[in-house]
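Each remark here refers to the structure printed beneath this line.
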Amino acid sequence: MAGAEPAALRLEGVGRRFGALAAVGDVSLEVARGERRAVLGPNGAGKTTLFNLVCGDFPPTAGRVVLFGEDITRLKPHHRTRRGVGRTYQNSLLFNGLSVADNLVVAVRGAKPGRFGLRLPAAADRAAARRLAEAVRLSHLLGAEVSSLSHGQRRQLEVGMALACEPRLLMLDEPAAGLSPAERPELVKLLRALPRELTLLVIEHDMDVALPLADVVTVMKDGDVVVEGPPGRIEGDPVVQAIYLGHHGRAH
Amino acid sequence: MSGGRPSPAALASVALLAALALLPLLIPPFWTANIFGRAFVYGIVAMSLTFLATYGGFVSLAQTMMGGVAGYVAAVLVPDSVPSLVGGVPYAAAIPVALLAATASGLLVGAVAVRTQGIYLLMITLALAVGFHLFAQANIAWFNGYEGIRNVVGPEVFGLPFRNTFVFYYAALGSAALLYALVLYVVRTPFGLVLQGIRDNPRRVSALGYDAALHRIAAFGLAGFIAGCGGLLVTFYNIGISPGSIGLGPTVNVLVMCVIGGLGHPIGAFVGALVFTLFDTFAADIYDRDRFNTLVGAVFLLIVLVSPDGVLGLAKRAVAPLRGRRRVGPAAGAAPNTGAPLAAEE
């Protein structure tokens with residue numbers, strides 16, 4: 001893997017059509033290892049579709065997805081996860097019937113051998129689940145059933161489960177969506193504390209959350225990338241202001 | 001979850017098992033074999049459905065068929081069955097082969113139905129069950145057609161025939177208890193937790209690195225094994241197997257047992273099987289012999305109306321006020337789900 005050091009993620013002319021609608025038009029971008037990239041754009045810009053193409057929920061209708069130098073365009077989601085893609089979902093996808101601890105145990109085991117394990121979860125798995133719960137500040141709720149968690153706690157668990165796969169590329173889909181002003185700083189703190197070597201891709205409407213976190217910002221509109229650059233430049237960009245003026249208020 | 005100390009639920013299970021072990025001393029032989037023994041063996045088949053429905057969210061109508069596969073394989077192989085199609089294979093060999101065949105049938109059903117959910121899963125499994133039933137009815141060479149295969153007496157146990165009331169009762173009770181414990185154990189293992197993950201959120205399961213489809217198929221395989229154990233015991237109980245015992249009626253009965261008992265927990269399958277057996281046995285005495293199914297149906301309707309989560313739900317609501325305080329955060333293995341998946345499809 002050393003030597004040329006391929007990018008963490010390279011999209012080459014990736015597109016996805018749903019019938020006549022091009023949800024993602026023709027996106028090419030490169031995310032370096034260890035980079036923190038924010039993806040901005042109005043609703044319907046194709047941000048989540050782009051995530052789904054990277055994590056493999058459906059294949060692109062055009063282009064290639066390359067992860068750490070490996071073409072993963074045709075791989076199924078679980079094979080991509082085993083290669084280091086982790087993600088969270090805009091509307092938390094958790095296992096509501098299980099406890100916080102069991103959610104994390106399932107997540108911890110996912111990228112490891114022994115997925116069909118018929119022995120009770122090893123102490124190591126339980127310990128890993130506890131560590132993750134601590135990392136996302138849910139230690140006190142390990143035994144609680146997920147259906148009883150608050151929205152903010154569900155968002156935190158969402159991040160914990162994505163981290164459990166020990167991803168090399170972590171994709172966060174609007175991690176702060178729907179959080180109360182009180183819950184927001186908690187999550188920002190949590191995201192800031194993520195290890196620096198982790199490559200991060202974040203969709204976020206809230207500029208106050210996204211910009212301090214990002215090294216590079218990509219702005220999308222109507223399925224295409226319109227601007228890309230460091231946060232300082234993006235904030236003043238007239239195109240971005242045009243997109244966000246009028247939308248900014250509604251986003252939160 | 002609770003470490004070394006046995007939980008109240010585990011203690012209650014052991015106490016119940018002990019009580020059931022002593023039960024034949026107190027009740028007449030008819031009750032021992034034809035009520036309780038029978039309830040256990042049908043309960044095993046029903047529990048294979050509860051396992052799939054409660055922990056995986058899969059309502060399968062092919063469980064009787066999987067049991068039938070085991071029954072037919074054993075019937076074809078064992079000595080003294082009439083007509084003798086293969087024969088001569090001792091029970092010690094025929095039983096494992098039969099269970100293997102049932103497991104394989106479970107895997108097959110799981111693989112065929114792997115992309116379907118809800119009402120479509122119900123329809124596919126129903127189609128497979130009816131298909132197998134009709135095939136068995138039409139095929140003379142392997143299944144002896146409409147007549148089926150008689151005189152499948154079961155293995156001798158300590159020199160006693162399997163037909164012996166007590167041999168049958170304790171074999172049924174032992175199998176039921178072991179398989180019940182197996183299900184409760186499996187759902188706490190990573191395999192079982194992932195299964196519950198698939199029930200709650202299949203997309204997330206894939207995103208965590210699991211092959212959800214393979215997991216589903218494996219779960220159907222385990223359900224096939226459980227149904228196979230039940231099917232074998234049912235075949236020994238009936239001293240044979242015929243297409244009638246795996247037809248639409250028996251297929252639906254298994255679902256009825258599960259719903260009457262309650263889909264929240266595997267024990268519901270046995271509760272449902274017992275209630276069903278009691279009605280099936282005595283309704284004819286209480287009500288018109290030709291129309292006792294009307295009574296069974298009415299009771300079924302009543303239970304579902306009063307308590308959508310079956311007898312278990314009734315019991316839970318009756319006990320809840322007595323308990324007073326409830327602990328926060330129930331342990332893993334506690335029934336997480338109500339009859340929701342089924343209610344959606346009914």
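Numbered from 1 within each chain, the chains take letters A, B, ... in sequence-line order. This structure is a prediction, so every number in the text was calculated from the model and none was measured.
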For [X] versus [Y], what's the shortest heavy-atom pair and its separation?
X	Y	result
A:Leu118	B:Tyr185	O-OH, 2.8 Å
B:Arg188	A:Leu120	CB-CD2, 3.8 Å
A:Asn96	B:Asp200	N-OD2, 3.1 Å

Would you mind reporting whether B:Tyr210 and A:Val106 have side-chain heavy atoms less than 4.5 Å apart?
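The answer is yes; the side chains approach within 4.5 Å.
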Evaluate the side-chain proximity of B:Leu208 to A:Phe95: yes if any heavy-atom separation is below 4.5 Å, no if none is.
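Yes, their side chains come closer than 4.5 Å.
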Contact part of [X] toward chain B, heavy-atom cut-off under 4.5 Å: side chain, backbone, both or neither?
X	result
A:Cys165	side chain
A:Glu166	neither
A:Asp57	side chain

Ignoring hydrogens and angles, tell me if any N or O in the side chain of B:Arg204 forms a donor-acceptor pair with the backbone of A:Leu94 under 3.5 Å.
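A pair under 3.5 Å: no.
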For the interface with chain B, which of A:Met161, A:Lys76, A:Arg80, A:His79 has the highest count of heavy-atom pairs at distances below 4.5 Å?
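Highest number of heavy-atom pairs under 4.5 Å: A:Met161.
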Selection from A:Val108, A:Leu93, A:Leu141 maximising heavy-atom pairs under 4.5 Å formed with chain B:
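Top count of heavy-atom pairs under 4.5 Å with chain B: A:Leu93.
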Should the heavy atoms of other residues, nucleotides or ligands under 6.0 Å from [atom1] of [X] be counted, would the total exceed 12?
X	atom1	result
B:Arg115	CZ	no
A:Lys112	NZ	yes
A:Phe58	CZ	yes

Check whether B:Leu214 gets within reach of chain A through its side chain, its backbone, both or neither, counting any heavy atom under 4.5 Å.
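Both parts, heavy atoms under 4.5 Å.
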Between B:Gly209, B:Ala207, B:Ser206, which has the largest tally of heavy atom pairs under 4.5 Å with chain A?
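Most pairs with chain A among the choices: B:Gly209.
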Who pairs with B:Ala62 by side chain to side chain contact (heavy atoms under 4.5 Å, CB included), at least two apart in sequence or on another chain?
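Once residues adjacent in sequence are excluded, the partners of B:Ala62 under the side chain to side chain contact (heavy atoms under 4.5 Å, CB included) criterion are B:Ser60, B:Met65, B:Met66, B:Val109, B:Thr125.
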Could I get the full list of side chain to side chain contact (heavy atoms under 4.5 Å, CB included) partners for A:Arg196, not counting sequence neighbours?
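Partners of A:Arg196 by the side chain to side chain contact (heavy atoms under 4.5 Å, CB included) criterion, ordered by chain and then number, come out as A:Arg36, A:Asp215.
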Applying salt bridge (Lys or Arg N to Asp or Glu O under 4.0 Å), can you list everything that pairs with A:Arg109, at least two apart in sequence or on another chain?
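Result, salt bridge (Lys or Arg N to Asp or Glu O under 4.0 Å) vs A:Arg109: A:Asp125.
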Residues 218-229 of chain B: residues contacting chain A (heavy atom under 4.5 Å, by number):
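Result: B:Ala218.
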